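Okay, so here's the structure we're looking at.
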Amino acid sequence: TVGAVAMDANGLIVAGTSTGGITGKWPGRIGDTPLLGCGNYADNTVGGVSCTGQGETIMRYNLAQRILGAIQQQGLTAQAASEQECKRMTERIGGTGGAIIIDHKGDMGISWSTPRMAWGYVRDGIIHYGINHNE
Amino acid sequence: MPQPVILIHGGAGDISDDLVEGKFLGIKAALRAAWEHLEPANGKSSGSALDAVEAAVRSMEQNAAFNAGYGSSLNTAGCVEMDASLMEGREMRAGCVTLLTDVMHPITVARRLMEKRRHVFLGGQAAQELALSTGSEKLPAGALVTESAREALREYLEQEAQGLENNFASSRMDDVRTDQRGD
């Protein structure tokens with residue numbers, strides 16, 4: 001799965017996600033990516049989210065919505081909300097996944113409960129990227 | 001004026017060391033493709049988050065290092081079936097497509113659906129027809145299949161034949177939680 005979230009100089013937030021799914025899925029199986037609020041979501045008043053990982057887990061947990069809810073109801077930062085909800089999803093359901101977020105202020109969140117997640121961003125014309133925890 | 005920013009991911013899981021360099025090259029290429037659409041050139045344009053997100057995802061869809069488009073995972077029949085969704089945060093319009101085959105850029109099909117403002121979610125043959133009627137090229141059957149995806153499927157089917165636990169859908173917690181009455 002691949003995903004992108006962007007905010008432009010007008011303050012528009014857009015989120016996009018695309019995937020081949022999981023190896024060995026049944027023909028006709030649909031994952032979290034096309035389900036709004038699970039694998040992908042955008043609302044200028046809260047933020048934009050793109051998720052990746054075990055689709056069955058992300059769907060059952062509604063990961064994108066939970067992260068935006070933590071920002072809106074608990075007032076968490078994008079980073080704190082993504083860490084909290086990736087962790088809770090794994091505790092509650094057992095599967096793993098990751099998410100990237102840009103909130104309504106333009107702050108970012110990058111978190112995952114899998115061993116690795118490839119990520120990258122440009123804000124100031126400089127590319128930042130990584131794949132390991134605590135990198 | 002908000003400061004433009006683009007943030008991307010290239011998938012999460014147990015990514016082996018030999019795949020890391022390819023992922024990093026793909027991440028950087030996708031960010032370069034996206035930034036062109038965001039950076040206000042001489043203050044003339046405010047850039048477009050929509051174009052930037054589509055450009056970043058398209059860059060990764062055509063890169064075999066990522067599980068999307070070319071290099072997608074295979075289903076048990078050895079075929080590629082793809083999902084994508086795109087959503088903008090001002091009017092909260094969205095396009096979601098599923099079970100697409102033999103087109104390189106599902107994210108562009110999702111954008112075409114969003115732009116038509118008729119439906120939000122389209123699947124199977126209808127999504128395929130939308131793709132081809134809005135400019136997506138129909139690729140030869142199997143064109144999106146890579147050798148490493150075939151290898152991953154072979155491994156999966158061998159594990160399944162040996163009765164090893166390899167199904168994402170079920171989890172340890174599920175086993176514990178299943179109600180004895182079968183609910």
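Excluded from the calculations below are hydrogen atoms, water molecules and symmetry mates; all remaining heavy atoms, backbone and side chain alike, are included. None of the values given here were measured: they were computed from a predicted structure. Numbered from 1 within each chain, the chains take letters A, B, ... in sequence-line order.
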Of the backbone (N, CA, C, O) and the side chain (C-beta and beyond), which part of [X] lies under 4.5 Å from a heavy atom of chain A, both, or neither?
{"X": "B/Ile15", "value": "both"}
{"X": "B/Val97", "value": "backbone"}
{"X": "B/Ser16", "value": "backbone"}
{"X": "B/Ala152", "value": "both"}
{"X": "B/Leu74", "value": "backbone"}

Practice task
Assess whether side-chain hydrogen bond (donor to acceptor under 3.5 Å, both in side chains) is satisfied between B/Ser136 and B/His105, documenting all intermediate values.
Solution key: CA-CA 8 Å; B/Ser136 292; B/His105 296 298; over 6 Å; no
Exercise for the section: Tell me, for A/Thr96 versus chain B, whether the close heavy atoms (under 4.5 Å) come from the side chain, the backbone, both or neither. Expected result: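 Nothing of A/Thr96, per the 4.5 Å heavy-atom cut-off to chain B.
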Exercise for the section: Check whether A/Ile110 gets within reach of chain B through its side chain, its backbone, both or neither, counting any heavy atom under 4.5 Å. Expected result: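 Only the side chain of A/Ile110 comes within 4.5 Å of chain B.
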Max heavy-atom pair count under 4.5 Å with chain B, selected residue of [options]:
{"options": "A/Ala99, A/Gly48, A/Gly11, A/Gly98", "value": "A/Gly11"}
{"options": "A/Asp43, A/Thr52, A/Asp32", "value": "A/Thr52"}
{"options": "A/Ala4, A/Gly16, A/Gly97, A/Gly39", "value": "A/Ala4"}
{"options": "A/Asn40, A/Asn44, A/Ile101, A/Leu36", "value": "A/Asn44"}
{"options": "A/Gly31, A/Gly53, A/Gly28", "value": "A/Gly28"}
{"options": "A/Gly3, A/Ala6, A/Pro115", "value": "A/Gly3"}

Exercise for the section: May I ask you to decide if the ring planes of A/Tyr121 and A/His128 are parallel, tilted or perpendicular, using 30° and 60° as cut-offs? Expected result: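 Judged by the thresholds at 30° and 60°, the geometry between A/Tyr121 and A/His128 is parallel.
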Between [X] and [Y], does any side-chain donor sit less than 3.5 Å from a side-chain acceptor?
{"X": "B/Gln162", "Y": "B/Glu158", "value": "no"}
{"X": "B/Gln125", "Y": "B/Glu129", "value": "yes"}
{"X": "A/Thr90", "Y": "A/Ser113", "value": "yes"}

Practice task
Can you establish whether the number of heavy atoms outside B/Lys116 located under 6.0 Å from its atom NZ is more than 12?
Solution key: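 Open.
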Exercise for the section: Return yes when atom OH of A/Tyr61 has more than 12 non-hydrogen atoms of other residues, nucleotides or ligands closer than 6.0 Å, and no otherwise. Expected result: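 Enclosed.
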Exercise for the section: Can you measure from SG (A/Cys86) to CD1 (A/Ile67) and round to the nearest 0.5 angstrom? Expected result: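 Those atoms lie 5.0 Å apart.
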Exercise for the section: Working to the nearest 0.5 Å, report the span between CD1 of A/Ile71 and NE2 of A/His104. Expected result: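 Between A/Ile71 CD1 and A/His104 NE2, I get 8.0 Å after rounding to 0.5 Å.
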Interface residue of largest heavy-atom contact number with chain A, from [options], under 4.5 Å:
{"options": "B/Lys23, B/Met60, B/Glu54, B/Glu91", "value": "B/Met60"}
{"options": "B/Ile6, B/Leu19, B/Leu144", "value": "B/Ile6"}
{"options": "B/Val53, B/Thr98, B/Leu100, B/Val57", "value": "B/Val53"}
{"options": "B/Ser72, B/Ser73, B/Ala55", "value": "B/Ser73"}
{"options": "B/Leu7, B/Asp14, B/Val120", "value": "B/Leu7"}
{"options": "B/Lys28, B/Arg111, B/Arg90", "value": "B/Arg90"}

Practice task
Show the numbers, then the answer: is there a side-chain hydrogen bond (donor to acceptor under 3.5 Å, both in side chains) between A/Asn132 and A/Arg116?
Solution key: CA-CA 5 Å; A/Asn132 295 308; A/Arg116 282 175 155 167; 2.7 Å; yes
Problem - Test side-chain hydrogen bond (donor to acceptor under 3.5 Å, both in side chains) applied to A/Glu83 and A/Ser111, step by step - result: CA-CA 5 Å; A/Glu83 286 175 7; A/Ser111 183; 5.3 Å; no
Practice task
Would you please indicate if the ring centroids of A/His133 and A/Trp112 are separated by under 6.0 Å?
Solution key: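 Yes, they do, as the ring centres are separated by less than 6.0 Å.
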